[in-house]
Undergrad: 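This is the structure I have questions about; it appears just below.
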Amino acid sequence: MLKDRITGAKALMRALQAEGVKTIFGYPGGAIMPVYDALFDYTRGEKKCFDHILVRHEQGATHAAEGYARVSGKVGVALVTSGPGVTNTLTGIADAMMDSTPLVVIAGQVAIGALGTDAFQEVDLVGVSQPISKWSYQIRHAEDVAWAVSRAFYIARTGRPGPVVLDFPRNAQVEEIDWEPKMVDFVRSYVPYPKLDEEAVRQAAELINNAKRPLALVGQGVELGNAQEELRTFLEKADIPAGRTMLGLSALSSNHPLNVGMLGMHGNYAVNLKEQECDVLIAIGMRFSDRVTGNLKTYAKQAKVIHLDIDRSEIDKNVKTDVAVVADCKESLPAITALLRENSHQEWRDSFLPLDEKERQKVIEPAIHPQAGPLLMGEVVNAVAEQAPDDAVLVTDVGQNQLFATRYFKYHHQRSVCTSGGLGTMGYGMPAAIGATFGAPDRAVCCFMGDGGFQMCIEELGTIMEQKSPVKMILMNNHYLGNVRQWQDMFWLRRKSFTKMLNPCYELIAQGYGIAYEAVTDRKDLAKAIEKMFATDGPFILECAIKEEDNVLPMTPPGMNVNDMQLEI
């Protein structure tokens with residue numbers, strides 16, 4: 001009987017195929033060339049099983065893989081070379097780690113005989129990536145490829161998802177082995193799904209049943225656990241108002257009656273203040289980020305805290321918990337719901353309304369329906385949201401564009417938000433939007449960017465051009481690094497140190513890449529330009545001339561209490 005003898009590079013192709021990979025974002029180079037040669041046969045002809053998306057920068061590969069993973073729920077894959085190729089991915093790896101995004105990054109490496117010699121483009125990838133990844137491993141021999149890939153995908157997608165890094169020395173790529181598939185579904189000492197504690201469930205249900213002013217804080221863990229329906233059932237049975245973190249915004253529809261807005265520094269006024277009045281605080285798949293809690297010394301001290309999270313390390317990390325339910329929320333939410341009484345908290349919910357109205361009058365209406373003056377970011381986002389399909393995906397860069405976009409976009413469908421939350425990575429937006437178009441090809445992808453973030457990833461217009469990725473890019477141009485400028489105005493005596501930007505002609509740039517373009521300087525032209533954007537097949541750049549000193553409000557100043565939120569500056 002003839003044995004199936006193949007190289008380590010071809011073994012990688014088969015291992016990726018076994019994991020159901022369809023899309024790879026990458027950039028070739030010397031140390032990964034044997035893999036790219038093997039990939040050639042798997043991207044064309046009868047043997048085709050992968051789409052390889054050639055990005056223009058390796059950081060773009062990781063962000064595109066993040067966008068793909070966030071909207072599809074699958075593991076994103078990036079393939080790069082050694083040295084600068086893989087160090088360029090480190091920002092994306094760290095971003096994915098902070099935001100619990102499942103990635104597998106595969107990088108070429110010099111042959112193991114040259115390791116430690118400072119060989120050309122040698123970097124200790126395992127050493128530099130271990131602190132910012134879920135698992136980092138060097139595949140030193142071809143015989144380990146199938147096992148390592150299966151283990152990598154298992155670790156990346158199970159439990160609290162995250163990035164995994166595989167360092168693939170050149171000798172292991174070219175060695176020949178007898179192919180034998182492997183499947184890893186168990187790793188000793190790794191418990192991705194903790195056993196549900198029935199006593200903790202009982203204690204949580206008892207606290208909720210006796211609560212007079214319960215408040216739920218909904219995080220991305222609900223999306224990652226595909227527990228959106230379980231969340232709705234839980235909230236509706238006990239009549240609990242719910243705020244959402246930025247990454248958890250689409251876990252609950254914008255128009256759901258129990259949705260009371262976005263949490264955090266630039267979230268909604270009522271829900272932030274009510275965190276300081278509730279008697280039971282139920283955190284679901286969220287990590288009590290400093291941007292949500294403000295001053296921890298004063299945060300929700302009056303409340304009993306219930307924390308539902310799959311990751312035990314998050315319990316008591318920032319906020320002391322009275323009851324911890326450590327499990328997948330798709331399991332823990334129904335278990336608690338089964339013990340809840342049908343309830344009504346109408347008086348408590350009604351107490352949010354005057355604060356909502358105050359924010360509407362002082363902040364929201366002036367932001368989305370200004371009567372005069374230059375265009376504002378809020379009105380641009382609102383105008384796009386009004387014409388966007390209900391299942392549109394919101395992608396943002398980082399800065400004021402992100403804060404306005406997440407506040408004023410509308411969410412009706414799960415997995416509808418791609419934004420860099422924990423790391424706050426400028427340059428994330430455009431490549432993440434490219435990935436989103438492959439992860440959700442039937443959904444419109446709206447990418448909001450400021451002029452700073454747009455220029456940090458501007459080379460990915462080449463990827464958009466080549467792939468004809470139908471990204472609707474809304475460039476909100478205020479000629480400033482707007483978020484830093486706002487902080488300089490508020491906290492640094494208006495000393496605008498290096499935040500003013502001289503920008504290029506974006507129309508000529510769009511023309512050079514063959515991408516449809518429209519500029520709006522007057523609000524009377526905004527709706528028509530947006531209509532044209534959505535009617536255009538393929539990519540589109542809509543540049544909006546924004547008021548230079550437009551400010552994001554409300555705002556809780558850094559280090560202050562959440563109930564110190566300001567509605568005006």
Side-chain angles (χ1 to χ4, degrees), residues 6-13 15-16 21 24-40 52-66 75-97 103-153 155-156 162-177 423 425 427 431 459:
I6 59 173
T7 65
K10 290 183 178 179
L12 176 63
M13 298 299 104
L16 293 175
V21 173
I24 299 170
F25 303 92
Y27 202 98
I32 198 68
M33 206 170 292
V35 168
Y36 266 88
D37 184 68
L39 181 63
F40 186 87
H52 177 273
I53 313 306
L54 177 65
V55 296
R56 298 308 188 258
H57 191 281
E58 292 90 353
Q59 183 175 337
T62 50
H63 293 327
E66 285 186 274
V75 178
V77 179
L79 180 65
V80 298
T81 195
S82 64
V86 75
T87 58
N88 284 342
T89 70
L90 293 177
T91 297
I93 293 167
D95 192 278
M97 189 68 175
L103 297 188
V104 170
V105 177
I106 303 163
Q109 178 62 281
V110 302
I112 58 173
L115 289 172
T117 68
D118 289 333
F120 180 67
Q121 293 190 335
E122 178 193 356
V123 167
D124 179 8
L125 176 58
V126 173
V128 298
S129 63
Q130 273 185 337
I132 55 171
S133 62
K134 236 183 134 178
W135 185 51
S136 185
Y137 180 75
Q138 188 173 78
I139 307 173
R140 298 173 69 89
H141 302 286
E143 64 189 19
D144 297 327
V145 169
W147 169 85
V149 170
S150 182
R151 180 178 168 123
F153 276 80
I155 291 173
V164 170
V165 177
L166 293 178
D167 192 31
F168 199 7
R170 199 176 188 282
N171 64 285
Q173 298 176 43
V174 298
E175 286 173 0
E176 289 194 346
I177 56 162
L423 200 63
T425 305
E459 75 284 343

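Every value quoted in this text rests on a predicted model; they were computed, and no experiment measured them.
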Undergrad: Are Met13 and Leu39 close enough that some pair of their side-chain heavy atoms sits under 4.5 Å apart?
TA: yes

Undergrad: So, do Val80 and Ile32 sit near enough that their side-chain heavy atoms are less than 4.5 Å apart?
TA: no

Undergrad: Ignoring hydrogens and geometry, is there a side-chain-to-backbone donor-acceptor pair from Ser82 to Gln121 under 3.5 Å?
TA: yes

Undergrad: For residues 104-120, pull every pair meeting side-chain hydrogen bond (donor to acceptor under 3.5 Å, both in side chains), keeping only residues two or more places apart or in separate chains.
TA: Gln109-Asp167

Undergrad: Search all heavy atoms of His57 against all heavy atoms of Asn88 and return the closest pair with its distance.
TA: CE1-CG, 3.6 Å

Undergrad: Measure from the side-chain N and O atoms of Gln138 to the backbone N and O of Pro169, and report whether any donor-acceptor pair falls under 3.5 Å.
TA: no

Undergrad: Provide the closest heavy-atom pair for Ser133 versus Ile93 in the form atom of the first, atom of the second, distance.
TA: CB-CG2, 4.2 Å

Undergrad: Does Pro34 reach the side chain of Asp37, with side-chain heavy atoms less than 4.5 Å apart?
TA: no

Undergrad: State, yes or no, whether a side-chain contact exists between Trp147 and Ile139 at a heavy-atom distance under 4.5 Å.
TA: no

Undergrad: Should Val165 and Tyr137 count as side-chain neighbours, where that means a heavy-atom distance under 4.5 Å?
TA: no

Undergrad: Check whether any side-chain heavy atom of Thr62 lies under 4.5 Å from a side-chain heavy atom of Phe25, and answer yes or no.
TA: no

Undergrad: Taking all atoms of both residues into account, what is the closest heavy-atom pair of Val75 and Ala156, and its distance?
TA: CG1-CB, 4.3 Å

Undergrad: Supply the atom-to-atom distance Met33 CE to Arg170 CZ, rounded to the nearest 0.5 angstrom.
TA: 7.5 Å

Undergrad: Just by distance, do the side chain of Asp95 and the backbone of Thr91 share a donor-acceptor pair under 3.5 Å?
TA: no

Undergrad: Check whether any side-chain N or O of Thr89 sits under 3.5 Å from a backbone N or O of Val86 as a donor-acceptor pair, and report yes or no.
TA: yes

Undergrad: Report yes if the side chains of Ile24 and Ile106 come closer than 4.5 Å at any heavy-atom pair, otherwise no.
TA: no

Undergrad: Between the main-chain N or O of Leu54 and the side-chain N or O of Arg56, is there a donor-acceptor pair closer than 3.5 Å?
TA: yes

Undergrad: Identify the heavy atoms of Gly29 and Thr81 that sit nearest to each other, and give their distance.
TA: C-OG1, 3.5 Å

Undergrad: Show which side-chain atoms of residues 124-131 pair as donor or acceptor with protein atoms under 3.5 Å away, not counting sequence neighbours.
TA:
from: Asp124; atom 1: OD1; to: Gly127; atom 2: N; distance (Å): 3.0
from: Ser129; atom 1: OG; to: Leu125; atom 2: O; distance (Å): 2.7
from: Ser129; atom 1: OG; to: Ser136; atom 2: OG; distance (Å): 2.7

Undergrad: Once you round to the nearest 0.5 Å, how far does CE of Met97 lie from CG of Leu423?
TA: 12.0 Å

Undergrad: Would a distance-only check, ignoring hydrogens and angles, find a side-chain to backbone donor-acceptor pair under 3.5 Å from Glu175 to Ala142?
TA: yes

Undergrad: Can you name the ring pair (Phe, Tyr, Trp, His ring centres under 6.0 Å) partners of Tyr36, sequence neighbours left out?
TA: His52

Undergrad: Checking the side chain of Glu66 only, and the main-chain atoms of Pro431 only, is there a donor and an acceptor separated by less than 3.5 Å?
TA: no

Undergrad: Can you check whether Val77 reaches Phe153 side chain to side chain, under 4.5 Å on heavy atoms?
TA: yes

Undergrad: Report yes or no: does Asn171 contribute a side-chain atom to a donor-acceptor pair with the main-chain N or O of His141 at less than 3.5 Å?
TA: no

Undergrad: I need the minimum non-hydrogen distance between Ala152 and Leu166, along with the two atoms involved.
TA: CB-CD1, 3.9 Å

Undergrad: With a sphere of 6.0 Å drawn around NZ of Lys134, does it hold more than 12 non-hydrogen atoms of other residues, nucleotides or ligands?
TA: yes

